[in-house]
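Below: one structure, written as structure tokens.
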Number of protein chains: 2
Amino acid sequence: MHISATRFSAKDAHRRVTINDVAEALGLTKSTVSRAMNGYSDISQTTQLRVRRMAETMNYMPLSHAQAIKTGRTRSLGLVLQLSDHDAQRPFLAEFLAGLSAGASAENWTLTVAASDSDDDMIRTFQSLLRDGKADGFVLPRTMNDDPRVKLLREADVPFVMFGRQDDADGCAWFDILGEDAMRDAVLHLASLGHERIGFVNGAMQYNYAPLRDAGFRDGMAQAGLTVDQALIAEDAVTIEDGKRVGSLLLDHPEPPTAIVCAVDFAALGIYHAAAERGLSIPQELSVIAYDGIPEGVHAHPPLTTYAVDNRNAGMRLATLLIRRIRGEDLVNLRETAKANFIDRGSTGPAVTRP
Amino acid sequence: MHISATRFSAKDAHRRVTINDVAEALGLTKSTVSRAMNGYSDISQTTQLRVRRMAETMNYMPLSHAQAIKTGRTRSLGLVLQLSDHDAQRPFLAEFLAGLSAGASAENWTLTVAASDSDDDMIRTFQSLLRDGKADGFVLPRTMNDDPRVKLLREADVPFVMFGRQDDADGCAWFDILGEDAMRDAVLHLASLGHERIGFVNGAMQYNYAPLRDAGFRDGMAQAGLTVDQALIAEDAVTIEDGKRVGSLLLDHPEPPTAIVCAVDFAALGIYHAAAERGLSIPQELSVIAYDGIPEGVHAHPPLTTYAVDNRNAGMRLATLLIRRIRGEDLVNLRETAKANFIDRGSTGPAVTRP
DNA sequence: CCTATTGCCGAAACCGGTTTCGGAAATCAG
DNA sequence: CTGATTTCCGAAACCGGTTTCGGCAATAGG
């Protein structure tokens, strides 16, 4: 793989082709070229075509900084990571970033990433990125029920797109995975295997996926004609430890569940531990089915049956939606959902009555 | 946490204070202010001070895009993620990004992130980021022995800083963790516990950390007066599966090791599995000591003794070094190392002779 | 005291775009 | 054929900075 250093170097480099070059090549002025490139109606169709074609062949691409100083927009998406919940987003981050990057660069946009370790810091980060024109809008990962970011950006009328959904949808574009469908299907899957006492371990309740998944679980139970026992429902389990803790509670119940649905893979892995401690084998004596699709699930014993989220695609869609949002497209067209993919790895099995 | 929407909005917003505002406030021209801000010697010390102070009180900060159009530099660091080895960098990514972001924003720089899925794509990504002035230089995570990125950027004379070290150091700034010291200390630690047959499981040989860690291991063995048995040395183990595989090989050796040093935590977790399969308990019958400090190590049974890398700090240092590099500082001052932190969690113990 | 430096700053061009404004040519109405 | 509109583009200002150039005043040198 050899690449000649010419055309590449930062300094000598064949000078970028500018709008003046294009204008000169066409015998037009740069103002005409500019308006043609931006599709102004006071430039004739023929000229627009000529300009665009010439730009294409000369490989002209307006310098975003030069545009930015007048327009204030720089063709870049902002992402502010919150370290407070880094544990939760760590496993998905690389794929997610890759998707965002792909979605952005497909439209010749870029991705500016910053991190913040407190809420105050986060706000300052948003502000300075905006102030300095480093981001034209933001992707908000892991949105919460009463998300300060949403409130802030909405009030300030700054474009953003959420990874998640909100009932109060004014001014919001979003992409989300239908976690509720996954939870419902998980219940139906277990019910079809004969399970009747099914537990549910939800994730962190402050995020807006949690109520949805809870509803999905209950919906599934209802569809299967099963009754929900509140004693078999736990919340806020997002780590292996959490899962182990609440798993122990559920399994020590006088009438323990024969199957457990988890809103989060990590919690399921914790339940594996709780089950192992009690000598319960999966899936023979306990079925577990979860959600996320973390790689660790593949190597668990038994491998974890789960609803996997395509985080790369999520990033890609979010980037695309945000760009369209910034371009001023109508909000109602900027709401998408996708389904999680069921991956049956064998951690569920037919229900057996425990002695 | 309430933040008034004023001063914040993207559109109305109190107009940014520009260089003209500062000039006017001081009764100077903007050219003088510009040169004062940039420390030109043809501006008197008194004036420089006046300007700087006024800029401070007016909260003036030059708009990087406006500067960029003339200077070509935009105060932003580039990071190109390679998806091919995402598995390896995933666990560290969030912390690493946080460090980069912190280091960058401390100097009022930003971080532009892109992803590439092939080598060709990677090169194009570098090129377009440079061409569009989206990055003034690059951070290269996980450098390899014969790294195409290094070759490319060096030839093109684009500033970069490596996370790693190279023997061929011309034109390279770097930050690296002294993995070799960790490996040596690991051996000495084990030797002090009475171990004599010590195995070594190295990581991916194409990265330049691998030869270093190998050397560190051998150095430790020599210092401890122990002989290295080639049969107890394995390479290219970076995942749990890899570790399980090579761990099996080592443990099935007629004269198996009583302790194993791993260059990578994940491999150590694989060795846990191999040991479990053979009924070997850790640390009673086998000592394991590794390197990285992944969170999973905390939850292993027993918790994994390891040399932990502070990836947040690494990111911070790399950002700082790269900024100084871009500012033209001499390369020889831009090479730093740090030590990994020994965390004894109990996966090593005194050597016992196996039956 | 007069000239040659030097120190210090203003004026103006420039960077690569966008946008306002005005006017020439072409079309339309009468 | 003339006057009023349109259509379409050029001229020039502008955005927020940087950089070149030149000149004035103060200093140094003779």
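Throughout, protein chains are lettered first and strands after them, A, B, ... in sequence-line order, and every chain is numbered starting at 1.
Contacts between residues 47-58 of chain A and DNA chain D, defined by a heavy-atom separation below 4.0 Å, involve A:Thr47, listed by number.
No hydrogens or angles considered: nothing links the side chains of B:Ser34 and B:Ser31 as a donor-acceptor pair under 3.5 Å.
Under 4.0 Å is where a charged nitrogen must lie from a carboxylate oxygen, and between B:Asp42 and B:Arg35 at least one such pair does. Salt-bridge annotation for B:Arg73 and B:Asp136: absent, with no side-chain N of the basic residue lying under 4.0 Å from a carboxylate O of the acidic one. Using a 4.0 Å cut-off between charged side-chain N and carboxylate O, B:Asp147 and B:Arg149 make a salt bridge. Of the charged side-chain nitrogens involved, none lies within less than 4.0 Å of a carboxylate oxygen, so that A:Asp176 and A:Arg335 do not count as a salt-bridged pair.
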### Task
Sugar-phosphate means primed atoms, P, OP1 and OP2; the rest is base. With that split, encode nucleotides 15-22 of chain C 5' to 3' as B, S or - using protein heavy atoms under 4.0 Å.
BBBBBBB-

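Looking at A:Arg75, A:Arg324, A:Arg327 one by one, the single match for salt bridge (Lys or Arg N to Asp or Glu O under 4.0 Å) with A:Glu107 turns out to be A:Arg327.
Qualifying side-chain contact (heavy atoms from CB on, under 4.5 Å) partners for A:Ser116, counting only residues two or more places apart in sequence or in other chains: A:Val80, A:Gln82, A:Asp121, A:Met122, A:Thr125. With sequence neighbours excluded, the residues forming a side-chain contact (heavy atoms from CB on, under 4.5 Å) with B:Asp21 are B:Arg15, B:Val17, B:Thr18, B:Met58, listed by chain and number.
Note on residues 94-118 of chain B: pairs passing ring pair (Phe, Tyr, Trp, His ring centres under 6.0 Å), not counting sequence neighbours, are B:Phe96-B:Phe163.
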### Task
Begin with the C-alpha distance, continue with both residues' side-chain angles, and end with the deciding distance and a verdict on side chain to side chain donor-acceptor pair (under 3.5 Å) for A:Thr74 and A:Ser76.
CA-CA 6 Å; A:Thr74 181; A:Ser76 77; 4.7 Å; no

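In this structure, A:Gly27 reaches the sugar-phosphate backbone alone: every heavy-atom distance under 4.0 Å involves primed, P, OP1 or OP2 atoms, never a base.
In DNA chain C, consecutive stretches of 3 or more Watson-Crick or G-U wobble pairs with both distances under 3.5 Å are given as paired ranges: C:1-30 with D:1-30.
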